[in-house]
Visitor: 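Sharing a structure here in structure tokens format.
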Amino acid sequence: MHALKITRAEDFPEWYQAIVREADMAELSPTRGCMIIKPWGYGIWERIQAELDRRIKESGHDNYYFPLLIPMGFIAKEADHVEGFAKEMAVVTHHRLKAVDGVLKPDPEAELAEPFIIRPTSETIIGDAFSRWVKSYRDLPLKLNQWANVMRWEMRTRMFLRTAEFLWQEGHTAHVDEADAMDETMLALEIYRSFSEDYLAMPVVAGEKPENERFPGAEKTFSIEAMMQDGKALQAGTSHYLGTHFSEAQNIRYQDKEGGQTLAHTTSWGVSTRLIGGVIMTHGDDDGLRTPPAIAPRQIVIVPMLRGKPEDEALKDYCAALAQELGALTAFGERVRAFVDTKDAKPADKRWDWVRRGAPIICEIGPRDAAGGQVSFIKRIALREGEKIKTHTLARADFVAAVQGLLDETQSALYAEAKARLEANISGEFNTFADLEAYFGADEDGGGFKGWARVSWSRPTGAALDKVVERLKALKLTIRNAPLGQPANYKPCIFTGAAGVEEILIARAY
RNA sequence: CGGGGUGUAGCUCAGCCUGGUAGAGCAUUAGCUUUGGGAGCUAAGGGUCGCGAGUUCGAAUCCCGCCGCCCCGACCA
């Protein structure tokens, strides 16, 4: 009997919805396409923010905050950019409401001369600031970041993976030349890769997006791609070299050492609350989430087996003292987050709540443990032995001494499991398009697990690339990226048979 | 935005075809029992049946319109 009513094997999308609800991470709000993020979900985001913010600052970026509303004219300045975002823009057109026949409406008298858009991303408004801030080569590089909410009017939303409003971090930088901007683009990508692997225990493949998948207005787009447990790829972060597209559109020029006016080269890069969806689909099991300890809002949860009797007080004291002792330890460079769940609820219910949330270590401490100076606990990553829940018992001092190791082991085990899955399911055994069809076309409904294909291609562009995209679409496939670390030699192009020039990953994707 | 499904108690759903004034399980609350682990018994509370307009003496049920959600498609930094 699992803690979730639905298993991954039965219905992966339903299982995903169940985990978001049952782990109490988020729920839908009355606002279409938007969610209420609850403490277990938001707490994970706070851990992500704290660590990623540290890494971003360490690499020389400062935090800024730009407005939510962007003058509509700004978005029109870069042609590809407006084309990419126009269809999903929320627009603010009025500044006042008025009751007309008892119905509240935007006051026709209060229409804005120039509407605002709610930011879908901030290249344009930040570019405008750059154009004023960048005067001399001495002002460069200019490296900033902001933590913000953005809005994209998506047709189809899924909690954490694609919502109309989401939270993210967006880095924006300006540089003297392409080489410097490309260094920055790759630096950001590497921050995302290492952060995802070290901190989220989510292995990824970093690489360059094909032309058709580039960010609107970008010269080059790079991504990190993670493999979910249904085999689909999730784009978990992107880093863009924007060339001089935005500089031209917004006049970001500096006086170089020779006294000439030169266009700056800009970059942008971001990760969002989508990472949380990735964590769920990487580490969840049929009992709920298994939260990596580094991002678990509570790493050790202590459930006292309260009985509504006088001896409860002594038991609570024992648990509080244990939590305090654990809180003095450190793990992943921070204080250990221990929590005593004293809520007036049945201990068994509390246990299963924390199992579904995926607290890494759940202690269940009864009067006999307290009297004997022991700690009984379950490990979320090794919850069962056969059908039965596996309970461990250690002397209190031994448990305290073991905690850091347990958390480290949990983090490592989650990473190792996901890494093994990723590596076992990327196949280079495809030589012709027929091979792809044989594998990916086998199930018509697209429901079964399908791994990724790593294939050589001749990197067609324009109409030839469109044709490739169409052929892949028929198999519900997309090109994810061209991984960094390319081989010395290539097989013939899987699409055309021409000489291969690059290896790419092909997969079904979110 | 197209195709399909769906919307009834906090959750999962029955009732709809064949109109008669709303149900089950779980959850909640109270009491009693139980206590090394997802407990039992008894009782209670809880629903404008997604919204609106029709047909009808009477609509959860039939008709029309709208909206949300889920799946597929299109779209998706």
Side-chain angles (χ1 to χ4, degrees), chain A residues 1-6 11-14 16-18 21-22 27-35 75 78 80-89 119-124 150-159 161-164 166 168 170-172 209 212-218 221-223 235-240 242 268-272 274 287 303-309 311-312 315 344-356 362-372 374 376-378 383 387-389 391 393 444-447 473-474 476 478 509-510:
Chain A
M1 166 112 172
H2 291 289
L4 296 180
K5 285 173 191 152
I6 188 149
D11 188 333
F12 198 81
E14 273 299 317
Y16 178 80
Q17 300 286 342
R21 184 178 64 246
E22 297 293 321
E27 64 185 48
L28 291 169
S29 78
T31 310
R32 183 196 167 281
C34 298
M35 58 181 176
I75 202 81
E78 211 289 331
D80 289 335
H81 197 61
V82 65
E83 191 182 332
F85 284 109
K87 280 176 285 187
E88 50 186 34
M89 215 82 83
R119 63 179 163 222
T121 178
S122 302
E123 273 75 8
T124 57
V150 291
M151 175 161 274
R152 298 176 188 178
W153 210 263
E154 300 290 351
M155 282 300 161
R156 188 174 157 196
T157 61
R158 281 196 214 230
M159 299 240 263
L161 297 175
R162 178 171 292 111
T163 46
F166 57 93
W168 78 346
E170 51 180 323
H172 295 269
K209 285 283 189 184
N212 61 308
E213 299 269 357
R214 278 181 203 139
F215 174 71
T221 286
F222 297 81
S223 71
Q235 179 174 300
T238 50
S239 182
H240 316 288
L242 302 173
S268 67
W269 29 276
V271 295
S272 72
R274 172 180 258 202
D287 290 304
V303 177
M305 307 306 290
L306 301 173
R307 303 275 164 65
K309 294 184 175 171
E311 52 266 37
D312 282 359
L315 183 53
D344 183 12
K346 283 181 276 194
D349 291 343
K350 291 196 276 192
R351 164 210 267 193
W352 288 103
D353 271 354
W354 292 111
V355 166
R356 284 185 285 263
I362 302 166
C363 301
E364 298 183 309
I365 299 181
R368 235 173 286 169
D369 290 311
Q374 296 181 341
S376 295
F377 62 97
I378 54 181
L383 190 60
E387 289 297 299
K388 297 188 68 175
I389 300 299
T391 303
T393 302
E444 284 304 312
D445 60 357
K473 186 179 282 185
K476 298 176 181 169
T478 55
Y510 277 94

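Naming: A, B, ... by sequence-line order, numbering from 1 per chain. Please read all numbers here as calculations on a predicted model, not as lab measurements.
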Visitor: Starting the side chain at C-beta, find the nucleotide from G37(B), C69(B), C72(B) nearest to Arg158(A).
Guide: C72(B)
Visitor: Heavy atoms from C-beta onward define the side chain here; which of C71(B), G37(B), C75(B) lies closest to that of Gln17(A)?
Guide: C71(B)
Visitor: Roughly how many Å apart are C26(B) and G73(B), using the P atom of each and rounding to a whole number?
Guide: 39 Å
Visitor: Give me the distance, rounded to whole Å, that separates A27(B) from C16(B) when you measure between the P atoms they each carry.
Guide: 28 Å
Visitor: To the nearest angstrom, how far is Tyr510(A) atom OH from C75(B) atom C1'?
Guide: 18 Å
Visitor: When the distance from NZ of Lys476(A) to P of C75(B) is rounded to whole Å, what number comes out?
Guide: 15 Å
Visitor: List the residues meeting side-chain hydrogen bond (donor to acceptor under 3.5 Å, both in side chains) with His81(A), not counting sequence neighbours, and say none if there are none.
Guide: none
Visitor: On RNA chain B, compare the nucleotides closest to Val271(A) and Thr157(A); which residue's is nearer the 5' end?
Guide: Thr157(A)
Visitor: Using the C1' atom as the point on both nucleotides, what is the distance between U28(B) and A9(B), in whole Å?
Guide: 11 Å
Visitor: How many Å lie between CZ on Phe215(A) and C1' on C76(B), as a whole number?
Guide: 13 Å
Visitor: Please enumerate all protein N or O atoms sitting under 3.5 Å from an N or O of nucleotides 38-44 of chain B, with distances to 0.1 Å.
Guide:
residue: G38(B); atom: O4'; partner: Trp352(A); partner atom: NE1; Å: 3.2
residue: G38(B); atom: N9; partner: Trp352(A); partner atom: NE1; Å: 3.2
residue: G38(B); atom: O6; partner: Met1(A); partner atom: O; Å: 3.2
residue: G38(B); atom: O6; partner: His2(A); partner atom: O; Å: 3.4
residue: G38(B); atom: N2; partner: Arg356(A); partner atom: NH1; Å: 3.3

Visitor: Regarding Phe166(A), tell me which of base, sugar-phosphate or nothing describes its non-hydrogen contacts under 4.0 Å with the strands shown.
Guide: base
Visitor: Using whole Å, what does the distance between atom P of nucleotide C75(B) and atom CD of Glu154(A) come to?
Guide: 13 Å
Visitor: Could you tell me whether Ser376(A) contacts a base, only the sugar-phosphate backbone, or nothing, with contacts defined as non-hydrogen atoms closer than 4.0 Å?
Guide: base
Visitor: Look at all strands and tell whether Ser268(A) reaches a base, only sugar-phosphate, or nothing, counting heavy atoms closer than 4.0 Å.
Guide: nothing
Visitor: Taking the C1' atom in each of G46(B) and C57(B), what is the distance between them to the nearest angstrom?
Guide: 31 Å
Visitor: If we take the P atom in both G3(B) and C66(B), what is their distance in whole Å?
Guide: 12 Å
Visitor: When you measure from the side chain of Pro13(A), which nucleotide among C75(B), C71(B), U35(B) comes out closest?
Guide: C71(B)
Visitor: Considering just the side-chain nitrogens and oxygens of Lys473(A), establish if one lies under 4.0 Å of OP1 or OP2 belonging to C75(B).
Guide: yes
Visitor: Rounding to the closest angstrom, what is the interatomic distance between A60(B) and C17(B) at atom C1'?
Guide: 14 Å
Visitor: Considering non-hydrogen atoms only, spot the tightest contact between Pro13(A) and Arg158(A) and give its length.
Guide: CB-NH1, 4.2 Å
Visitor: If you find the nucleotide of RNA chain B closest to Arg32(A) and the one closest to Arg156(A), which residue's nucleotide is nearer the 5' end?
Guide: Arg32(A)
Visitor: How far, in whole Å, is C51(B) from G7(B) if one measures between their P atoms?
Guide: 13 Å
Visitor: Over how many whole Å does the gap from Arg214(A) atom CZ to C76(B) atom P extend?
Guide: 15 Å
Visitor: In this structure, how many angstroms lie between the P atom of C70(B) and the CZ atom of Phe12(A), rounded?
Guide: 16 Å
Visitor: Students often get this wrong, so: under 4.0 angstrom with heavy atoms, is Thr238(A) touching a base, only sugar-phosphate, or nothing?
Guide: base
Visitor: Using a 4.0 Å heavy-atom cut-off across all strands, classify Gly372(A) as base, sugar-phosphate, or nothing.
Guide: nothing
Visitor: From C-beta outward on Met155(A), which listed nucleotide comes closest to its side chain: A74(B), G37(B), C69(B)?
Guide: A74(B)
Visitor: Between P on U12(B) and CZ on Arg21(A), what's the gap in Å once rounded to a whole number?
Guide: 5 Å
Visitor: Please measure how far the P atom in G23(B) lies from the corresponding atom in G15(B), and state the result in whole Å.
Guide: 16 Å
Visitor: Taking only residues two or more places apart in sequence or in another chain, which ones pass side-chain hydrogen bond (donor to acceptor under 3.5 Å, both in side chains) with Ser29(A)?
Guide: none
Visitor: If pairing requires Watson-Crick or G-U wobble contacts with both distances under 3.5 Å, which nucleotide is the partner of U12(B)?
Guide: A24(B)
Visitor: Between the side chains of Thr238(A) and Ser223(A), does any donor sit under 3.5 Å from an acceptor?
Guide: no
Visitor: Could you pull out the closest heavy-atom pair between Trp168(A) and Val271(A), with the gap in Å?
Guide: CB-O, 3.1 Å
Visitor: Whole angstroms only, please: what is the CD-C1' distance between Glu83(A) and C75(B)?
Guide: 13 Å
